[in-house]
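Chain A is the first sequence line, chain B the second, and so forth, proteins listed ahead of strands; every chain is numbered from 1. Scope of the values below: all heavy atoms of this structure, side chains included, with no hydrogens, waters or symmetry mates.
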Amino acid sequence: AQSVSQHNHHVILSEAASLELGCNYSYGGTVNLFWYVQYPGQHLQLLLKYFSGDPLVKGIKGFEAEFIKSKFSFNLRKPSVQWSDTAEYFCAVNPSGALNFGKGTSLLVTP
Amino acid sequence: DAGVIQSPRHEVTEMGQEVTLRCKPISGHDYLFWYRQTMMRGLELLIYFNNNVPIDDSGMPEDRFSAKMPNASFSTLKIQPSEPRDSAVYFCASSTGSRNTEAFFGQGTRLTVV
């Protein structure tokens, strides 16, 4: 079945630690890939997106993601997290018109 | 633009009652999506519209759920009758279409059915 998998459900990091959140998808063909963030009590906001070209995509707030086609992956990274990055992070694929989301990764950054 | 506007922000209702959630998409967006978010199932796509026409409603859980988009600036999601397992946060989102454009989300409606 077509799906988006996020392997880390809960991540706890100290400030200044590096972050990598995994995302794998099982859709065939051309896909468009997204990472959204949901801060506590708020709606989803776009962090970054990949359609084509350079597989290393830079987004807002120092986040970046790398598309590796051979691994069907689109992992999210940030070299040094801040307390304000505490949020839920969703990977999404748009194969045909609507976003299909992974189940999300809850990130807690401790001071 | 004020973004995607949803109402109400919170709804508490008794089991068996009808619930109507409302959404105003961003002006000029021709795609509108309804999602449901729960701890167990994450973000699920319920239905989406293109130019006010429902394109895919395969995510609508049961016949108790229905959605309409009478015009480009308004959509409703109705649950009748509501059940406790419908408790969730319901998000509306809109986009300009095509697969490579981002969707903009509303603040959501937190529904509690008691």
Verify the neighbour count for atom CZ of B:Arg64: are there more than 12 heavy atoms of other residues, nucleotides or ligands below 6.0 Å?
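For B:Arg64, atom CZ is crowded (more than 12 foreign heavy atoms under 6.0 Å).
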
Contacting moiety of A:Gln6, where chain B heavy atoms sit under 4.5 Å
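Nothing of A:Gln6, per the 4.5 Å heavy-atom cut-off to chain B.
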
Steps toward side chain to side chain contact (heavy atoms under 4.5 Å, CB included) verdict (B:Phe33, A:Leu99)
CA-CA 9 Å; B:Phe33 310 88; A:Leu99 289 167; over 6 Å; no

In terms of heavy-atom contacts, does CZ of A:Arg77 have more than 12 from other residues, nucleotides or ligands at under 6.0 Å?
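Yes - once you tally the heavy atoms of other residues, nucleotides and ligands closer than 6.0 Å, there are more than 12.
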
Under the rule for ring pair (Phe, Tyr, Trp, His ring centres under 6.0 Å), what residues qualify as partners of A:Tyr25, not counting sequence neighbours?
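For A:Tyr25, the residues satisfying ring pair (Phe, Tyr, Trp, His ring centres under 6.0 Å) (neighbours in sequence not counted) are A:Phe72.
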
Is it true that B:Phe105 and B:Tyr90 fall in one hydrophobic cluster, defined by side-chain heavy atoms closer than 4.5 Å?
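Cluster IDs for B:Phe105 and B:Tyr90 differ.
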
Side chains of B:Gln37 and A:Phe101 in contact at under 4.5 Å (non-hydrogen atoms)
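They are not in side-chain contact.
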
What part of B:Arg41 gets closer than 4.5 Å to chain A, counting heavy atoms only: side chain, backbone, both or neither?
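For B:Arg41, the contact with chain A is made by the backbone alone.
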
Ignoring hydrogens, what is the shortest heavy-atom contact between B:Tyr35 and A:Ala98? Give both atom names and the distance.
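For B:Tyr35 and A:Ala98, the tightest heavy-atom pair comes out as OH-C, 4.2 Å.
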
Considering non-hydrogen atoms only, spot the tightest contact between A:Gln42 and B:Phe91 and give its length.
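The answer is O-CZ, 4.5 Å.
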
Atom CD of residue position B:Glu14 - does it have more than 12 heavy atoms of other residues, nucleotides or ligands inside 6.0 Å?
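Open.
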
Does A:Asn100 reach the side chain of B:Leu43, with side-chain heavy atoms less than 4.5 Å apart?
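A side-chain contact under 4.5 Å is absent here.
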
How about A:Leu108: does its CG atom have over 12 heavy atoms from other parts shown lying under 6.0 Å from it?
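More than 12 heavy atoms, drawn from other residues, nucleotides or ligands, come within 6.0 Å of this atom.
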
Checking heavy atoms, do the side chain of A:Phe90, its backbone, both or neither come under 4.5 Å from chain B?
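Contact with chain B involves the side chain of A:Phe90 alone.
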
Contact between A:Tyr36 and B:Glu102 at the side-chain level, heavy atoms closer than 4.5 Å - yes or no?
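A side-chain contact exists here, since the closest heavy-atom pair is under 4.5 Å.
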
Grouping I, L, V, M, F, W and Y whenever their side-chain heavy atoms are under 4.5 Å apart, do A:Tyr89 and A:Ile60 come out in a common cluster?
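Yes; A:Ile60 is reachable from A:Tyr89 via cluster members.
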
Could you report the tightest heavy-atom contact between B:Met40 and A:Lys103, atom names first, then the distance?
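Where B:Met40 meets A:Lys103 most closely, the heavy atoms are O-NZ, 3.4 Å.
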
